[in-house]
Amino acid sequence: MLKIKDLHAKVEDKEILKGINLELKAGEVHAIMGPNGSGKSTLASVIAGKEEFEITKGGVFFENEDLEDTAPEERAHKGIFLSFQYPVEIPGVSVTNFMKTAINESRKARGMEEMPANEMLKLIREKSEMLDIDRKFLSRSLNEGFSGGEKKRNEIFQMAMLEPKLAILDETDSGLDIDALRIVANGVNKLSSKDNAVLVITHYQRLLEYIVPDFVHVLHDGKIVKSGDKALALELEEKGYDWLKQESAV
Amino acid sequence: MAYTEEELKKELETKEYEYGFYTEIESETFPKGLNEEIVVAISKKKEEPDWMTEWRLESFRYWKQMVEPEWANVHYTKPDFQAISYYSAPNKKPKYNSLDEVDPELLSTFERLGISLDEQKKLAGVAMDIVMDSVSVATTFKKTLAEKGIIFCSISEAIKEHPELVKKYIGTVVPQKDNFYAALNSAVFSDGSFCYIPKGVHCPMELSTYFRINQAGTGQFERTLVIADEGSYVSYLEGCTAPSRDENQLHAAVVELIALDDAEIKYSTVQNWFPGDKSGKGGVYNFVTKRGICEKNAKISWTQVETGSAVTWKYPSCILKGDNSIGEFYSIAVTNNHQQADTGTKMIHLGKNTKSTIISKGISAGKSQNSYRGLVQVNSRAENARNFSQCDSLLMGNECGAHTFPYIEAKNKTAQIEHEATTSKIGEDQIFYCNQRGIDTEKAIALIVNGFSKEVLNKLPMEFAVEAQKLLEISLEGSVG
């Protein structure tokens with residue numbers, strides 16, 4: 001589904017990604033771990049198409065198509081979803097209105113009619129119940145005055161609404177207490193199926209207790225220095241990142 | 001493709017005036033220039049009684065003594081008042097009983113504007129008095145209104161048919177010599193609307209007027225007078241678009257609202273005069289004086305969406321004379337390219353327990369300058385006066401400006417005055433967030449701007465809210481390549 005080939009990317013004049021290779025197949029859950037500044041969030045932004053990052057070599061392919069000239073909104077229409085590490089506030093735009101616009105824009109791009117109001121309401125009810133979201137929350141301005149946990153839960157709610165093929169969760173666990181973490185993880189698990197793929201980016205192993213990855217990759221200095229299964233995450237938790245840094249420096 | 005600040009700015013600049021066309025309708029236009037003869041001729045043309053002619057002449061004499069104000073935060077070439085023609089009226093029959101009689105070209109103009117009269121007529125509850133250039137050419141729903149004793153007609157007609165009301169109230173809220181433009185308007189006003197709601201009557205429909213400037217080189221000087229008698233209620237809508245033109249057009253309107261004891265007037269405006277092209281050439285000068293007076297327990301609510309004009313100078317105000325009276329001002333002002341707006345309100349608290357609310361939303365893009373200027377004045381006898389003001393500015397790009405000039409004068413210790421202000425910027429991060437959810441940049445800007453303006457948009461009557469949202473989008477978006 002997603003193929004990343006020898007990806008090099010820079011922001012301004014600083015090279016951040018230095019040759020990443022990664023493949024995600026439908027039905028798989030991958031985790032990317034790594035210390036701060038290793039390039040985890042940059043990787044997420046590049047896949048989503050944020051333009052301040054320039055690809056200098058290699059590329060990102062989604063369903064065998066090079067995404068280089070694909071606008072971020074078109075990537076979204078194709079089914080790529082990014083749960084942001086720091087979701088932005090949009091004052092005066094309710095969560096419901098935002099979701100309605102997002103869903104209908106995607107439908108329009110696929111040549112479909114707007115979603116009928118009753119269908120939309122049903123979908124909202126279903127997904128908000130699944131994620132234990134208070135209905136009042138949905139009429140609030142998007143992310144405005146939300147707690148860290150509310151913001152993250154709202155990201156997963158949007159993911160549930162949009163039903164993407166590829167979901168990238170960028171540090172979704174940061175700022176979540178244990179109960180919220182469990183709810184969010186449950187939501188992600190319910191949404192993952194043999195037809196979609198999930199890329200979990202995290203600093204800690206904690207989230208991976210709930211969202212169990214098929215593969216774990218360790219990112220250091222813009223490169224994947226080690227890949228393995230979920231046991232690798234536990235090993236990292238125990239030993240920290242330093243041993244890998246030393247290993248990769250050799 | 002994501003959008004950088006630079007591209008965002010470019011895109012905003014590419015927006016051309018959608019309504020830039022010109023309708024050829026034969027009109028009768030006076031020679032250029034202004035003197036006492038012209039003032040008398042306007043009055044004659046409109047078959048006005050002598051007292052009105054005298055009133056105009058008196059205004060003209062005041063005007064001659066006055067100088068154009070310079071305190072506003074706007075810069076422009078002052079109009080040559082002798083190079084303007086002060087009267088222009090559609091030539092054909094001025095009044096129509098039905099749409100069939102209206103000049104087909106005029107109707108097609110409205111269609112191109114998306115204001116189909118037919119559609120409007122069908123919209124339940126909307127009566128319209130359409131001002132094309134200066135003379136009213138169509139009035140609908142008049143009969144329904146007449147049954148309630150409501151008078152809704154052109155000001156010219158009111159001067160002839162209801163001289164006692166006009167004579168009693170005209171110039172009482174905005175005196176002839178109030179300011180330079182008001183004096184000019186008082187001397188040469190061509191037409192406008194008049195509305196009277198009798199005691200205790202709740203006007204059953206929104207009264208609506210569409211204004212258009214149409215003839216090259218003619219200024220437009222409307223005069224509007226709305227009187228809500230004791231215990232009555234009226235909601236009045238005013239909206240306008242103007243065709244593209246190279247030379248600057250002057251627009252100096254005066255609106256006076258009178259809310260007698262326990263009456264309520266809601267006055268909503270959507271203003272979309274030609275703003276000039278993206279290099280700052282052309283565009284309408286909009287120098288408007290709008291003011292209302294509230295007697296005991298009365299309420300006046302101004303709502304405006306200002307997206308057009310090259311230069312705007314406009315302060316819809318309330319004189320809260322009666323005890324327990326309420327004044328409200330809700331405003332969205334959008335400036336793009338080289339537009340300049342200096343707009344706000346004055347809330348003059350004279351009576352006891354008077355309350356005022358000011359919500360102002362300024363949106364600046366391009367190289368434009370957007371200023372809020374407001375005065376909250378509490379006089380010594382106004383016990384327990386309360387005011388709440390909120391002024392928010394939204395900036396797009398790095399070349400525009402937002403300014404806030406709040407003036408507060410409180411002469412009574414019991415006054416409670418609150419002022420809040422914020423300035424924010426549409427960020428690349430907000431746009432990218434929307435993009436990532438499948439919303440393109442054009443739609444994202446519309447969403448963000450509508451969210452920012454929501455508190456004010458919510459105050460507009462339904463029919464207008466849709467049009468206003470469309471205007472906000474038109475004013476700020478370009479075609480995304």
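Chain letters run A, B, ... following the sequence lines, proteins first and then strands; every chain starts at 1.
Two rings, from A:Phe98 and B:Tyr433, have their centers less than 6.0 Å apart.
A distance-only check finds a donor-acceptor pair linking the side chain of B:Gln436 to the backbone of A:Leu82 [under 3.5 Å].
Residue with the most contacts toward chain B among A:Lys78, A:Arg75, A:Glu155: A:Glu155 (heavy-atom pairs, distance under 4.5 Å). Comparing A:Asn97, A:Ile80, A:Leu142 by how many heavy-atom pairs each has under 4.5 Å with chain B, the most go to A:Ile80. The candidate with the highest count of non-hydrogen atom pairs below 4.5 Å against chain A, out of B:Ile448, B:Ile439, B:Asp429, is B:Ile439. Among the candidates A:Pro87, A:Ala109, A:Ser106, the residue making the largest number of heavy-atom pairs closer than 4.5 Å to chain B is A:Pro87.
Neither the backbone nor the side chain of A:Pro164 comes within less than 4.5 Å of any heavy atom of chain B. Only the side chain of A:Gln158 comes within contact range of chain B, judged by heavy atoms closer than 4.5 Å.
Counted within 6.0 Å of NZ on A:Lys40, heavy atoms from surrounding residues, nucleotides or ligands total more than 12; the atom is thus considered enclosed. Annotation for B:Arg386: atom CZ does not count as buried by contact number, only 12 or fewer foreign heavy atoms lying within 6.0 Å. Other residues, nucleotides and ligands contribute more than 12 heavy atoms inside 6.0 Å of the CD atom of A:Glu119. Remark: A:Asp134 CG is packed, more than 12 non-hydrogen atoms of other residues, nucleotides or ligands lying under 6.0 Å away. More than 12 heavy atoms of other residues, nucleotides or ligands lie within 6.0 Å of NZ in A:Lys18, so this atom counts as buried by the packing criterion.
Note that the CG atom of B:Asn450 and the CD1 atom of A:Ile90 stand 12.0 Å from one another [nearest 0.5 Å]. Summarising the geometry, atom CD belonging to B:Glu428 is positioned 7.5 Å from atom NZ belonging to A:Lys50; distances are rounded to the nearest 0.5 Å.
Proximity of A:Glu105 to B:Cys434: side-chain heavy atoms (C-beta onward) are nowhere separated by under 4.5 Å. Side-chain contact between A:Leu162 and B:Arg437: present, with at least one pair of heavy atoms (C-beta onward) separated by less than 4.5 Å.
When all heavy atoms of B:Phe432 and A:Gly49 are compared, the closest pair comes out as CE1-C, 3.9 Å.
Looking at B:Asp440 and A:Lys108, no side-chain N of the basic residue comes within less than 4.0 Å of a carboxylate O on the acidic one, giving no salt bridge.
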